[in-house]
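To start, the structure under review is shown below, and the notes come after it.
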Amino acid sequence: MQIELTINGKLKSLEIHPGESLLETLRKNGYTGVKYGCGTGDCGACVVLLNEKPVNSCQVLTAAVDGESVTTVEGIGTMDKPHPIQEELVKAGAVQCGYCTPGVVLSAYALLQTNPHPTEDEIKTALDGHLCRCTGYVKIIEGVKNAAEKV
Amino acid sequence: MLENIKEWFRPESIAETVEIIANGNAIPYAGGTGSRSARALGLIDLRRLNLDYIREENDWVAIGAGTSFNKIANYQWSDSRHILALALGQAASNPLRNLITIGGSLAFRPAWSNVPTPLLALGASVKVAGAPATEYPIADFLHLKRNSKFFITEVKVPPAPGYGVYHRFARTRFDYAALDLAVYIAIRSDTIEICRIAVGNLIPVARRLAELEKNLTGLKISDSGISEILKAVDLKPLKNSNFSREFLLNMLKTELVRAFTQIREQIYAN
Ligand SMILES: Cc1cc2nc3c(=O)[nH]c(=O)nc-3n(C[C@H](O)[C@H](O)[C@H](O)COP(=O)(O)OP(=O)(O)OC[C@H]3O[C@@H](n4cnc5c(N)ncnc54)[C@H](O)[C@@H]3O)c2cc1C
Ligand code: FES
Ligand code: FES
């Protein structure tokens, strides 16, 4: 079936299978910043912004979001021009293997858009859907706090 | 990839939705977080039905079936209906709470759902379209067969001017709860006039503890015998791979006593 999706601000016309997940659609169209971790909604590696809110793209069927707007990490920053959240996560030592990082960046981005000065508890709630097997979260929270000062 | 899905339906009205459900192998698609295992051939997209709302009416608050957990959790509740917000704001994870809907949760009703327990304590009802279109008190609704060909349109929650508490016990923040508990109490001159105590997750279908409620109604909230009455609760918890049944029953007793302590604190703070 044919759908339209605005991805990182650009309108795309896409041919999809009716049972295809948003994670699958995005990755096969080159948005590989969206990571496949568990496929069951448990890890947060696949998080993207759907109409500016974080969602697990493995839990969304693409057909259901026809006409809506998706932001992936590619729409937040680039290698040459990283977003302050990305810079602060790196500075805080919150990125090791980096597999969880795109999802974390997007959840932090959505949080700071609506709540520019979050408390530590609000940061923890915003990131409660992300598993990081490397850093132990302390550095991630520190990175988001520092980013809040900059954004 | 759900290979079995061949077709998407995008109805524009509730009547059209009911007709599609009745006709064939298509099922509603709400948050999509519980539809993975569905064997349906088609999915019915509910997004065009405008069921994503929280509306204050005179005698109740109406919550559209397509309303997400986060929308309910972030709503400014002016009375003890905020226990629904507490429950849904702790369920699953932030990105999932943006997807999971109250209607999809009531239709799917996994044992770990945190929707039924607060709704039982608040005396809510569930509106269903289809044949026949009707409104069920939540306790009756929870005993309807799952996957029946009905379509949930709205949840109605009456005012809750009394005192409410919600507790959710899980190993970690993002884990299915092993037990959840909601208590709603209305008092007059220090005496318990309305008492609703509901438990979920540790039993297959959430329910109210009618015996406890009966024993507590009419007592002074300060009565020192209340803790003993609460500790007399008896039910057989579901088998759980992390906790023994004995532990869960003891945890329920502890949470009940804590809930009443918290309610007294709310009362004395006023
Ligand atoms: C990792 C994970 C953790 C979770 N943890 C929790 C938790 O701790 N607490 C909690 O409460 N929930 C939790 N959930 C959510 C729960 O398991 C279900 O996935 C959820 O309740 C389903 O709601 P939905 O809106 O996504 O429904 P859908 O997946 O869209 O639908 C579920 C079923 O209901 C039917 N349906 C949907 N809407 C309607 C309607 N209006 N009328 C009739 N039928 C309908 C569908 O056809 C389908 O059969 C979790 C989910 C995941 C993936
Ligand atoms: S891949 Fe989606 S939550 Fe793990
Ligand atoms: S940095 Fe490796 S999983 Fe988070």
Side-chain angles (χ1 to χ4, degrees), chain A residues 1-3 16-25 27-28 36-68 103-104 106-108 110-111 114-115 118 121-131 137, chain B residues 1-10 25-49 52 66 68-71 73-74 85-86 88-101 104 108 110 112 168 170 172-176:
Chain A
M1 65 192 281
Q2 197 75 23
I3 62 147
I16 58 153
H17 180 281
E20 181 173 318
S21 73
L22 183 57
L23 168 65
E24 290 164 324
T25 307
R27 285 190 62 85
K28 89 178 177 205
Y36 177 77
C38 61
T40 55
D42 288 286
C43 74
C46 67
V47 162
V48 298
L49 304 185
L50 177 62
N51 307 322
E52 293 166 22
K53 289 187 181 140
V55 297
N56 307 75
S57 61
C58 69
Q59 297 295 296
V60 175
L61 294 188
T62 311
V65 296
D66 185 9
E68 300 188 19
V104 169
L106 287 162
S107 281
L111 170 70
T114 51
N115 179 1
D121 219 46
E122 286 166 340
I123 296 173
K124 285 182 182 168
T125 300
L127 300 184
D128 67 2
H130 297 277
L131 294 181
Y137 308 106
Chain B
M1 174 86 76
L2 301 181
E3 296 285 357
N4 51 310
I5 300 300
K6 305 287 179 236
E7 207 171 355
W8 273 85
F9 295 88
R10 304 191 197 279
N25 286 317
I27 58 165
Y29 178 97
T33 65
S35 316
R36 315 271 103 193
S37 54
R39 289 184 197 286
L41 297 178
L43 290 172
I44 309 167
D45 192 346
L46 306 182
R47 289 182 181 229
R48 274 149 227 234
L49 298 179
D52 172 11
S68 72
F69 277 17
N70 261 347
K71 185 163 183 171
N74 295 330
L86 281 179
L88 305 192
Q90 294 175 57
S93 66
N94 185 46
L96 284 169
R97 290 191 291 274
N98 283 326
L99 292 171
I100 304 170
T101 67
F108 191 52
W112 58 84
R168 182 180 188 276
T172 59
R173 194 165 172 139
F174 180 18
D175 192 9
Y176 297 133

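Naming: A, B, ... by sequence-line order, numbering from 1 per chain. Any value given below was found using the heavy atoms of this structure, including those in side chains, with hydrogens, waters and symmetry copies removed.
Residues B/Ser68 and B/Asn70 have side chains that never bring a donor and an acceptor to within less than 3.5 angstrom of each other.
The closest donor-acceptor contact from the side chain of A/Asp128 to the backbone of B/Asn94 lies under 3.5 Å.
Counting heavy atoms from C-beta outward, B/Glu3 and A/His17 have side chains that approach closer than 4.5 Å.
No other option in B/Leu46, B/Asn98, B/Thr172 has as many heavy-atom pairs under 4.5 Å with chain A as B/Asn98. Ranked by heavy-atom pairs under 4.5 Å with chain B, the first of A/Gly129, A/Ala64, A/Gly103 is A/Ala64. Of the listed residues (A/Leu23, A/Val47, A/Asp42, A/Leu131), the one with the most heavy-atom contacts under 4.5 Å to chain B is A/Asp42. Of the listed residues (A/Thr62, A/Asp66, A/Thr40, A/Leu106), the one with the most heavy-atom contacts under 4.5 Å to chain B is A/Asp66.
Heavy-atom distances place both the backbone and the side chain of A/Glu20 under 4.5 Å from chain B. Contacts of A/Val55 with chain B are made by both backbone and side-chain atoms, with heavy-atom separations under 4.5 Å.
Considering CG of A/Leu127 and CG of A/Leu111, their distance stands at 7.0 Å, rounded to 0.5 Å. To the nearest 0.5 Å, atom SG of residue A/Cys43 and atom CG of residue A/Asn56 are 8.0 Å apart.
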